[in-house]
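Some notes on the structure that comes next.
So that the names make sense, note that chain A is the first sequence line, chain B the second, and so on, each numbered from 1. As the structure is a prediction and not an experimental result, all values here were calculated from the model.
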There are 2 protein chains.
Amino acid sequence: MNDKTINLDSTDIQIIDCLKMNSRMQLKDISELVHLSAPAVAARIDKLESTGVIKHFTIEIDESKLNNSIQCFIILFMKNLDHLGLQKLIKSHYTIKEAHKISGHGCYLLKVHAKNQEELNALLDQLSLYGTYQLNISISKIK
Amino acid sequence: MNDKTINLDSTDIQIIDCLKMNSRMQLKDISELVHLSAPAVAARIDKLESTGVIKHFTIEIDESKLNNSIQCFIILFMKNLDHLGLQKLIKSHYTIKEAHKISGHGCYLLKVHAKNQEELNALLDQLSLYGTYQLNISISKIK
DNA sequence: TATGAAATGCAATAGTC
DNA sequence: GACTATTGCATTTCATA
């Protein structure tokens, strides 16, 4: 194991589930649900953050209501070995929301939100330096 | 357009960016950044929620630190026309974290977190009723 | 639709078990 | 590691423009 083992009890899981549903849920309300005092819950949340179990507090946006109208998944097949260069591009490119090295069909899978075709095209141009790709446009988000 | 047009000004975008980075950021701090009063920011956030731009307040979890150790992307190729049945399965299955109807290679793309191989297998069995699939296991999450 | 002041109520801290 | 009580402060509400 990479990191030292983190032991989460069922109360921690309950707290995580609460915050997943509503990260602004009040300590008071959480503490009632999990049968602890508010300071105890706060201490557990702090620990979950410092151990990295909770990466960060965020919001989920309906991208279709912004002007990020193109959502797609790109499967990349490397044609050279410049993984470091690619990963640098991935990390810096703001249209790439998520990226995984995969085993199966292809080498990398990228989740992309682009405002328009031009922005998508620009990304694809850059990616083509590293390999070929398969572009899968999201027609509708089921879940 | 499906919904009535939502007009977001640059202040709304700023507020969204703040909350994306930290959904628990205090109104006081946001209001200083965007040069508005705290009640004005609260009203805008309420509006963003009620119009559905903000879907919900949540946390990002490091799944590798829980026991959801398998992350994968499944591309599904339908072999029948029971899309409704499949979508019902997708919505109810807790290992499926995200699902898109796609154009390109395949019909659906699913993002899955499973605790172990058994859980993944069980899902694959159910999916095979609807079509064939391509399984792409995430080796590492770059971003 | 925003502001500013007042009131409510939550969260953080300290002290204790 | 958790609880209680107190303090301080953020959020909310209301009145005003």
Side-chain angles (χ1 to χ4, degrees), chain A residues 1-69 115, chain B residues 1-69 115:
Chain A
M1 202 170 297
N2 287 334
D3 299 323
K4 73 168 174 248
T5 308
I6 296 166
N7 262 344
L8 301 180
D9 62 19
S10 64
T11 305
D12 290 319
I13 302 292
Q14 273 185 290
I15 293 172
I16 287 173
D17 286 340
C18 285
L19 294 175
K20 262 190 192 171
M21 287 189 301
N22 178 12
S23 59
R24 291 200 310 184
M25 188 181 289
Q26 298 178 343
L27 292 182
K28 180 181 153 280
D29 295 329
I30 299 175
S31 64
E32 281 173 15
L33 275 168
V34 304
H35 306 294
L36 277 178
S37 66
V41 173
R44 279 168 181 261
I45 292 175
D46 284 347
K47 196 170 183 183
L48 288 169
E49 270 194 275
S50 63
T51 52
V53 175
I54 296 178
K55 287 205 231 166
H56 73 291
F57 291 75
T58 186
I59 49 176
E60 198 181 329
I61 292 293
D62 187 338
E63 299 283 346
S64 69
K65 295 211 167 116
L66 299 183
N67 54 357
N68 286 4
S69 47
K115 286 200 209 314
Chain B
M1 204 169 294
N2 287 333
D3 299 324
K4 74 168 173 245
T5 308
I6 296 166
N7 262 345
L8 302 180
D9 61 18
S10 64
T11 306
D12 289 319
I13 302 293
Q14 273 186 291
I15 293 172
I16 287 173
D17 286 340
C18 284
L19 293 175
K20 263 190 191 170
M21 288 189 302
N22 178 11
S23 60
R24 292 199 309 185
M25 189 180 290
Q26 296 180 343
L27 293 181
K28 178 181 153 279
D29 296 329
I30 299 175
S31 64
E32 280 172 16
L33 274 169
V34 304
H35 306 294
L36 277 177
S37 65
V41 173
R44 278 169 182 260
I45 292 176
D46 284 346
K47 197 170 182 182
L48 288 169
E49 268 194 277
S50 63
T51 54
V53 176
I54 296 178
K55 287 205 230 166
H56 73 291
F57 291 74
T58 186
I59 49 175
E60 198 181 329
I61 293 293
D62 187 339
E63 299 284 346
S64 69
K65 294 211 168 117
L66 299 183
N67 54 359
N68 287 3
S69 47
K115 287 201 209 314

Considering only heavy atoms, which members of residues 9-20 of chain B lie under 4.0 Å from some atom of DNA chain D? none
For residues A/Thr58 and B/Ile59, determine if any side-chain heavy atom of one lies less than 4.5 Å from a side-chain heavy atom of the other. no
Between NE2 of B/His56 and CG of A/Asn22, what distance do you get to the nearest 0.5 Å? 8.5 Å
Taking any atom closer than 4.0 angstrom to a non-hydrogen atom of chain B, what span of DNA chain C does the protein reach, first nucleotide to last? C/dT1 to C/dG4
Reported CD1-to-CG distance for the pair A/Ile13 and A/Leu8, which is rounded to 0.5 angstrom: 5.0 Å
Give the first and the last nucleotide of DNA chain D, reading 5' to 3', that has any atom under 4.0 Å from a heavy atom of chain A. D/dG1 to D/dT4
Could you list by number each residue of residues 38-46 of chain B showing a heavy-atom separation from DNA chain C of less than 4.0 Å, or answer none if no residue does? B/Pro39, B/Ala40, B/Arg44
Heavy-atom nearest pair, A/Ile6 first then B/Lys65, reads CD1-CD, 3.4 Å
Could you go through residues 27-35 of chain B and list every donor-acceptor pair under 3.5 Å that involves a side-chain atom there, pairing it with any protein atom two or more places apart or in another chain?
from    : atom 1 : to      : atom 2 : distance (Å)
B/Ser31 : OG     : B/Leu27 : O      : 3.1
B/Ser31 : OG     : B/Lys28 : O      : 2.6

Partner set under side chain to side chain donor-acceptor pair (under 3.5 Å) for B/Ser23, not counting sequence neighbours: A/Ser23
Applying side chain to side chain donor-acceptor pair (under 3.5 Å), name anything that partners A/Gln14, two or more places apart in sequence or on another chain. none
Just jot down the salt bridge (charged side-chain N to carboxylate O under 4.0 Å, His left out) partners of A/Lys55, sequence neighbours excluded, or say none. B/Glu60
Output the residues of residues 22-32 of chain A in contact with DNA chain D, where contact means a heavy atom of the residue under 4.0 Å from an atom of the strand; sort by number or write none. none
Taken to the nearest 0.5 Å, the spacing of B/Leu66 CG from B/Ile61 CD1 works out to 6.0 Å
Residues passing the side chain to side chain donor-acceptor pair (under 3.5 Å) test with B/Ser64, sequence neighbours excluded, are B/Asp62
Under 3.5 Å, which donor-acceptor pairs link side chains of residues 41-50 of chain B to any protein atom two or more places apart or in another chain?
from    : atom 1 : to      : atom 2 : distance (Å)
B/Arg44 : NH1    : B/Asp9  : OD1    : 3.0
B/Arg44 : NH1    : B/Asp9  : OD2    : 3.2
B/Arg44 : NH1    : B/Asp12 : OD1    : 3.0
B/Arg44 : NH2    : B/Asp9  : OD2    : 3.2
B/Ser50 : OG     : B/Asp46 : O      : 3.3
B/Ser50 : OG     : B/Lys47 : O      : 3.1

Please report how far the helix from C/dT1-D/dA17 to C/dC17-D/dG1 bends, comparing the axis fitted to its first five pairs with the axis fitted to its last five, to the nearest 10 degrees. 30°
How far does CD of A/Glu63 sit from NZ of A/Lys115, to the nearest 0.5 angstrom? 9.0 Å
